[in-house]
Amino acid sequence: MGESRHALIIANDAYEDQGLKKLRAPGHDADALSGVLRNPQIGDFEVDVLRNASAQDMKTRIEAFFKDRRRDDTLVLHFSCHGIKDESGELYFAASDTRLGLLDATTTPAYFVHRCMSRTLAGCTVLFLDCCYAGAFSRGSSMKADRNVHVLDAFTGAKPSGGRGRAVITASNSMEYSFEDAKLVEGSAVQPSVFTHAVVEGLETGDADLDEDGEISLDDLYEYVYAHVKEQNPNQTPSKAVEMQGRMQLAHSRHRRIRIEAVPIPRPVQEALRSRNEFTRLGAVGDVHARMRSPDLSIAEGARQALEAVVRDDTQRLAGEALSALNNVRLKPAPARLDFGRVPRGAAVPQQLLTLQGIPLARHCVAHATGKWLRVEESPEGLAVSVDTSTLGRLTGEIALKGVADDAVVHVEAEVLPPPDEPPDTKPLVSEQKGPSVIRRPASRPLRAPALAAAALALAVTSVIILVWAVARTVYAEEDRRTGAFSAFAESAGVHAVVPFLITTLITAVAALLLGALARHDLSVRRKRYTQGAKSATRYLTSAAKRCAVPVVVLAVLMSMAYNIVSARW
């Protein structure tokens, strides 16, 4: 799978414009889909969710999502909202503040999303559109005869500037609401839409792994979703457009078994298993058990399937014997837990061996590490497990084993510590050897982005306080002018220092926005060095700072303009 995997889920179900119907599914869609994509055993994506956002916030987050990516990145963008088609056939995605009469200004146009997708350098980009489509027509105009939105047409054209390609999958192509569970009754829990429910179910259960190779490709998922949606609602037709080289592996299939082409047991043994004599059948079970120990996995798998049939269909005694024999093909990893202990960051850690016990068929399995810091390689003795020590902190993960009969999980732990400080008297910072000097610097801790974000929020709050003071002093200046204490407003405002307060407000708010932008830039450039907690904290702090600082800048500019007008008149 791709080295870096990111998903952005946009869910809008509440709208200010009365012409847009409130949707039931988007909120639940976002929760269900984000859960399955985040799961390291399934999607292993880093997921952001944007709920009931304004049009400006949607555009900002979408552009930032596609920007500064690399060729080995995989991106998934999911819309769950209203889609609107205007008179000219342009497609728009509705925001919480969308006004049907001002689509260009209050929505996210499809051409904007298409442009962002085309410019990204990410290797694979997938767009899911679970939208309820509606027409937006001016008064007096007639509804078009074409009831199709032609969603995919909005995303064709220029190919991506980098990477292997992109794909667009839409829940419906009709000018009607995409299907939401019609069986809902008052007080019942809201369920995802049929489309998103199929996506989540296919990934979570592994049923979307149609070719049973242990991985769910984009093609696998679409075929599964298409069949599921058509079964639930024949009038809704999912669509797909793909411009991609090769296959995109979207998720792991954690519930699938290994498939081995089985060789049937010999006909005499089959007849013995069907004999009316219980002792003859008991002897045949022993023969089949012996075949199951064969190093030829095809022969062993044929014997295993024959024993499973005995468990289902024969008497309690023979079923018990067959079940006892089948226990020999269960996975038996040893040990069940690996602990690498405390290791310095960057140090080479010896591999630990995970052995698989039992007959050849029991040892045949595939392994999947749920943590990116875990490495698993096959060896003649079993599975060699190693850890990446580049990330500080307590690391916990699992190795999921999939066998022909069952699954097993091995827990892995390690604690990565900072490297010990070097004594200054024995290892100087500057090398005394001839040639270029080498300066040894201690590894910087990943605190820059959260610190910048915290400073941005502090400045933003400060700008709000200063703006309040500026407003208060403006009020005092106007009162003094009206009472006759000063003949002109500019004179009264000068005494109350209105202008210095406005200038300070603007400088503080702009500085907050700049620090927030620097924090976001540092987070995107050095994202591998930050923990998930640091990333979430940085995004939360910068978002809060922006929400404070932007209104302050607008109000301060308006007050400055008003000050000039009032000063000229009075």
Side-chain angles (χ1 to χ4, degrees), residues 40-42 206 209 212-215 252-265 269 282-312 317-341 343 349-371 373-388 395-414:
Q41 298 185 42
I42 305 176
D209 182 13
E212 299 180 349
D213 62 350
E215 302 290 342
H252 300 294
S253 172
R254 59 178 182 175
H255 291 307
R256 289 293 180 183
R257 304 287 181 258
I258 296 177
R259 296 284 180 170
I260 301 173
E261 186 174 351
V263 173
I265 59 176
V269 181
L282 184 61
V285 168
D287 292 339
V288 176
H289 186 191
R291 288 179 61 86
M292 195 175 65
R293 297 175 177 273
S294 171
D296 188 326
L297 297 182
S298 296
I299 294 175
E301 174 63 10
R304 186 189 69 83
Q305 294 179 11
L307 289 175
E308 285 188 337
V310 173
V311 171
R312 292 192 301 267
R317 179 183 177 185
L318 264 69
E321 290 290 334
L323 187 61
S324 177
L326 287 173
N327 285 333
N328 292 323
V329 296
R330 298 181 65 85
L331 285 169
K332 300 180 182 68
R337 178 177 175 272
L338 295 176
D339 190 349
F340 286 84
V343 294
V349 181
Q351 292 181 334
Q352 293 197 29
L353 184 64
L354 182 65
T355 60
L356 299 170
Q357 302 175 351
I359 61 177
L361 189 61
R363 299 196 301 269
H364 186 67
C365 68
V366 293
H368 168 61
T370 60
W373 53 275
L374 267 176
R375 304 286 185 269
V376 181
E377 299 177 356
E378 293 185 4
S379 71
E381 297 80 16
L383 299 173
V385 183
S386 59
V387 297
D388 180 1
L395 305 177
T396 58
E398 296 177 343
I399 299 175
L401 303 175
K402 302 177 186 179
V404 294
D406 65 344
D407 297 345
V409 174
V410 177
H411 298 276
V412 184
E413 295 183 1

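If you're wondering where the values come from, they're calculated on a predicted model, not measured in any experiment. Along the sequence shown, the residues carry numbers beginning at 1.
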Identify the heavy atoms of [X] and [Y] that sit nearest to each other, and give their distance.
| X | Y | value |
| --- | --- | --- |
| A384 | S379 | N-OG, 4.3 Å |
| I265 | A303 | CG2-CA, 4.0 Å |
| V329 | A405 | CG2-CB, 3.8 Å |
| A300 | M292 | CB-O, 3.3 Å |
| L354 | P335 | CD1-O, 3.2 Å |
| E215 | D209 | O-OD1, 3.0 Å |

Exercise for review: Output all residues satisfying side chain to side chain contact (heavy atoms under 4.5 Å, CB included) with E413, sequence neighbours left out; order by chain, then residue number.
Suggested key: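 E413: side chain to side chain contact (heavy atoms under 4.5 Å, CB included) contacts with R337, D339, R394, T396.
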Point to revise | Residues which pass side chain to side chain contact (heavy atoms under 4.5 Å, CB included) with A322, listed by chain and number, not counting sequence neighbours | key: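 L307, V310, V311.
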Practice item. Give a yes or no on whether the backbone of V263 and the side-chain of S298 come within a donor-acceptor separation of less than 3.5 Å. Key: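 No: the side chain of S298 does not pair with the backbone of V263.
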**Study point:** Approximate separation, where rounding is to 0.5 Å, of D296 CG and R291 CZ
**Key:**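 Interatomic distance, D296 CG to R291 CZ, rounded to 0.5 Å: 9.0 Å.
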Check your understanding: In Å and rounded to the nearest 0.5 Å, what is the CD1 to CG distance from I260 to L297?
Key ->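 Nearest 0.5 Å value for the CD1-CG distance: 5.0 Å.
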Check whether any side-chain heavy atom of [X] sits under 4.5 Å from a side-chain heavy atom of [Y], and report yes or no.
| X | Y | answer |
| --- | --- | --- |
| E301 | L361 | yes |
| L282 | R317 | yes |
| L401 | L356 | yes |
| L383 | E378 | yes |
| C365 | L331 | yes |
| Q352 | V387 | no |
| V412 | F340 | yes |
| V385 | Q351 | no |

Review point. According to the salt bridge (charged side-chain N to carboxylate O under 4.0 Å, His left out) rule, which pairs have a member within residues 321-336, sequence neighbours left out?
Key: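 Applying salt bridge (charged side-chain N to carboxylate O under 4.0 Å, His left out) to every pair that reaches into residues 321-336, excluding sequence neighbours, yields R330-D406.
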Review point. Given I399 and H411, is the side chain to side chain contact (heavy atoms under 4.5 Å, CB included) satisfied, shown in steps?
Key: CA-CA 7 Å; I399 299 175; H411 298 276; over 6 Å; no
**Study point:** Worked check of side chain to side chain contact (heavy atoms under 4.5 Å, CB included) between I42 and H252
**Key:** CA-CA 5 Å; I42 305 176; H252 300 294; 5.6 Å; no
